[in-house]
Amino acid sequence: MKWEVLKFGEIGDLDRGVSKHRPRNDPALLGGKFPLIQTGDIANADGYVRSYTSTYSDLGLRQSKLWKKGTLCITIAANIGKTAIIDFDACFPDSVVGFTPGDSATVEYTQYWMRSIQQRLEEIAPRSAQKNINLAILRELPVPLPPISKQRDFSAAVQKIELQKSLLRVALDSSCALFSSIQQRAFRGEL
């Protein structure tokens, strides 16, 4: 297709999350108002992290960094190359890389490109105590870039699909609640 190919580090800001304090699970760091996303949250997401269970306190935030909504999170330890876009401002540890695209890429295109190479990243990840991949390797990855107009069209299509998925999740939850209610009434002999 003769698309331009740039290094991943050239198409936007790509940096590791921050968690300077040790131990990381120090209770003084936790329980505040700042969302904290972990590698498992990203690996188990369906492309977007829409909720959180852990939070940082003010002290936790001071030793970390608050990433903006729309940041692409990429796991670099344990679950190599898994991705999710955060749906709110959040912190994450140094086992996650955050990517914010520049003018030549969209976050949705970049996420799907990462998904297409995830298995390869898993295969090349050096193994010590656990598999991991470093920021230097990510920054050097060649990224084929379609014209930005095509990427924006792709992003718009992804957003429409995500909206439909969200509406379907709401309808499914409603149907499940209704079924449960009817089932309970049936077992009580009220139908």
Side-chain angles (χ1 to χ4, degrees), residues 12-21 23-101 105-116 118 121-122 130-133 135 138 154-181 183-184:
D13 294 325
L14 189 65
D15 285 304
R16 286 178 80 158
V18 181
S19 50
K20 298 175 187 170
H21 187 85
R24 283 190 200 172
N25 61 349
D26 182 343
L29 300 176
L30 305 172
K33 63 180 179 179
F34 305 101
L36 171 62
I37 304 304
Q38 302 284 353
T39 55
D41 298 316
I42 296 161
N44 296 322
D46 65 347
Y48 290 84
V49 177
R50 294 182 177 86
S51 62
Y52 54 92
T53 55
S54 296
T55 58
Y56 266 152
S57 64
D58 288 336
L59 176 63
L61 178 62
R62 280 196 298 275
Q63 61 86 50
S64 188
K65 175 182 176 178
L66 191 63
W67 296 80
K68 295 293 180 195
K69 173 182 178 175
T71 298
L72 176 63
C73 299
I74 305 163
T75 60
I76 60 170
N79 303 298
I80 307 296
K82 299 288 185 173
T83 63
I85 299 168
I86 52 175
D87 204 25
F88 43 82
D89 295 353
C91 299
F92 44 81
D94 52 7
S95 56
V96 176
V97 167
F99 173 75
T100 307
T106 67
V107 72
E108 293 85 3
Y109 171 78
T110 306
Q111 178 180 38
Y112 279 84
W113 167 75
M114 280 295 301
R115 286 181 180 181
S116 76
Q118 191 272 327
L121 288 176
E122 185 83 35
Q130 77 174 9
K131 280 187 166 190
N132 62 54
I133 195 161
L135 193 54
L138 284 179
F154 177 79
S155 293
V158 168
Q159 290 168 4
K160 284 180 184 177
I161 291 167
E162 288 301 321
L163 176 60
Q164 290 300 313
K165 285 169 55 177
S166 177
L167 294 172
L168 288 171
R169 275 191 291 276
V170 169
L172 180 61
D173 290 347
S174 179
S175 294
C176 288
L178 180 59
F179 176 75
S180 178
S181 172
Q183 187 178 31
Q184 289 174 13

Applying side-chain contact (heavy atoms from CB on, under 4.5 Å), run through K69 and D87 and close with a yes or a no. CA-CA 5 Å; K69 173 182 178 175; D87 204 25; 3.5 Å; yes
Given L29 and Y56, is the side-chain contact (heavy atoms from CB on, under 4.5 Å) satisfied, shown in steps? CA-CA 6 Å; L29 300 176; Y56 266 152; 4.1 Å; yes
Worked check of side-chain contact (heavy atoms from CB on, under 4.5 Å) between D15 and V97: CA-CA 5 Å; D15 285 304; V97 167; 6.0 Å; no
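With values rounded to the nearest 0.5 angstrom, T110 atom OG1 is found 10.0 Å from L14 atom CG. How far NZ of K65 is from OG of S19: 13.0 Å, rounded to the nearest 0.5 Å. Between S95 atom OG and I133 atom CD1 the span is 14.0 Å, to the nearest 0.5 Å. Taking CG from D41 and OG from S54, the interatomic distance works out to 7.0 Å, rounded to the nearest 0.5 Å. Note that the CD1 atom of I37 and the OG1 atom of T39 stand 11.0 Å from one another [nearest 0.5 Å].
Of all non-hydrogen atoms in Y48 and V158, the two that sit nearest each other are OH-CG1, 3.9 Å. Between P93 and L36 the shortest heavy-atom distance is CD-CD1, 4.4 Å. Of all the heavy atoms in Q63 and G60, the pair that sits closest is NE2-O, 2.9 Å. Closest heavy-atom contact between I76 and V96: CG1-N, 4.2 Å. Pairing each heavy atom of S57 with each of A28, the nearest pair is OG-O, 2.7 Å. Here the shortest heavy-atom pairing between I42 and K82 reads CG2-O, 3.7 Å.
For the pair I74 and L72, the minimum side-chain heavy-atom distance is below 4.5 Å. With a 4.5 Å cut-off on side-chain heavy atoms, T83 and R115 count as touching. Contact check for I85 versus V49: no side-chain heavy atoms found under the 4.5 Å cut-off. L66 is listed as a side-chain neighbour of L61, based on a closest heavy-atom distance under 4.5 Å. I86 has its side chain within reach of C73: a pair of non-hydrogen atoms, C-beta onward, lies under 4.5 Å apart.
Annotation: ring-ring contact (aromatic ring centres under 6.0 Å, His included) contacts involving residues 70-94, sequence neighbours excluded, comprise Y52-F88, W67-F92. Applying the side chain to side chain donor-acceptor pair (under 3.5 Å) test to residues at least two apart or on different chains, the pairs with a partner in residues 158-171 are D46-R169, R50-E162, E108-Q159, E162-K165.
The backbone N or O of F99 sits nowhere less than 3.5 Å from a side-chain atom of T71 that would complete a donor-acceptor pair. With S116 contributing its side chain and W113 its backbone, the two residues share a donor-acceptor pair below 3.5 Å. Remark: side-chain polar atoms of S174 are not paired, donor with acceptor, to backbone N or O of V170 under 3.5 angstrom. Panel note: side chain Q111, backbone G47; a donor-acceptor pair is recorded below 3.5 Å.
For A157, the side-chain contact (heavy atoms from CB on, under 4.5 Å) test picks out no residue, with sequence neighbours left out.
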